[in-house]
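Counting starts at 1 for both ligands and their atoms, in listed order.
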Amino acid sequence: MVKKFTTLYRHIIDEERKIPEATGQLSDLLYDIALACKVISLEVNRAGLIDILGFTGQENVQGEAVKKLDVYANEILTHVMRIGGHACAICSEEDENFIPFADQYFKQDILNKYIVHFDPLDGSSNIDANISIGTIFSIYRRVSKNGPATLEDCLQSGLRQVAAGYVVYGSSTIMVYTAGKGVHGFTLDPSVGEFLLSYENMKIPKKSKTYSINEGNFSKWNDGVKNYINFLKENDKETSRPYTSRYVGSLVADFHRNLLYGGIFLYPADEKNKNGKLRLMYEANPLSMIVEQAGGRATNGIKRIVEIQPTELHQRTPLLIGSEEDVLIAEKFLEQK
Ligand code: P6P
């Protein structure tokens, strides 16, 4: 029997055909992001070989000045978004301000209507140890009617995301995205350079036995967090405790494992990080859209992440994300402060 395989492109087009008013722009934009991530994957996987491990000033085999991988990833994504002609601005973890695109690249008859937030290479400090790292992206429609994009276009709550996704560069390169109709995962087949559908309509288990948190911060947590983590370590067969601790220290790797097997990831506020460490717009919001589409939950301990109205591009937020029942229990402990 011929095994049916679906490329990312075919899947995006099939999804687009389910939406009568779709113009195809979002499909093109998602495909452009996938293209950029294929290029980034090549460099990430070569980093160990030609020693572009993250230092500036070195020369690579072409004698070109070598950039840090995250700077390189940022340049690839920015360039592809700029010439793709569907984004009117991008907001990157690597750039202080948003970057509006002049209109010479826009396709004549189509209003360039999207804003893209991205963390080009999250966890890049782990690349030297060959630990999985990732690209995270989040897509909004512009709110301004025409002309250059505005800051208001870039500061919308996560509820207004039209699509979100990540690419994890690990033992294989996997792209996971949602456009509001379920979560789907694709594995890159490097021999043909195609992302092939490997996980259709992903759902995160409602309850898990795994927690992910940097326990080195224990002394800085408030009592609510301390009590929750101690609760997970108690012996109670009925509630599968003690939980297993799994923490890679690379958000996309920790999130992807928990999405597949169930788990709760926490990066709460602490004495040092009053608003937590992770960024709202290009880490918490996209992963929150994905986890909610997969039946999970994501909050800052008080409200859904996607309901937070942003005031700054790089603002941070406490993040509890993963299996719904685990996040709800954690919120109860955090309410106790
Ligand atoms: P810590 C990586 O630097 C990162 O931004 C996320 O990918 C990861 O989840 C977090 O920071 C790890 O932070 O403080 O535990 O090293």
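Comparing Tyr247, Phe255, Phe265 by heavy-atom distance to atom 15 (O) of ligand 1, the nearest is Tyr247. Here atom 3 (O) of ligand 1 lies nearest to Lys277 when heavy atoms of Glu283, Lys272, Lys277 are compared.
Side chains of Ile308 and Leu280 form a contact here, defined as non-hydrogen atoms less than 4.5 Å apart. Taking 4.5 Å as the limit, every side-chain heavy atom of Asp119 sits out of range of all side-chain heavy atoms of Thr135.
Counting the atoms of ligand 1 from 1 in the order shown, those under 4.0 Å from a heavy atom of Ser250 are 7 (O). Of all the atoms in ligand 1, the ones that sit under 4.0 Å from a non-hydrogen atom of Gly123 are 2 (C). In the vicinity of Asn214, heavy-atom distances shorter than 4.0 Å reach the ligand 1 atoms 1 (P), 14 (O), 15 (O).
Using a 4.0 Å cut-off between charged nitrogen and carboxylate oxygen, Arg297 and Glu331 count as a salt-bridge pair. Using a 4.0 Å cut-off between a side-chain N of Lys or Arg and a carboxylate O of Asp or Glu, Arg10 and Asp14 qualify as a salt bridge.
Using a 30° and 60° split on the angle between ring planes, Phe333 and Phe231 fall in the tilted class, from 30° to 60°. In this structure, Tyr243 and Tyr211 have tilted ring planes: the angle between them lies in the 30° to 60° band.
Atom 9 (O) of ligand 1 has as its closest protein heavy atom Leu251 N, 3.3 Å. The shortest contact between atom 7 (O) of ligand 1 and any protein heavy atom is with Asp122 OD2, 2.5 Å.
Looking at Tyr267 next to ligand 1, an N or O pair under 3.5 Å apart turns up.
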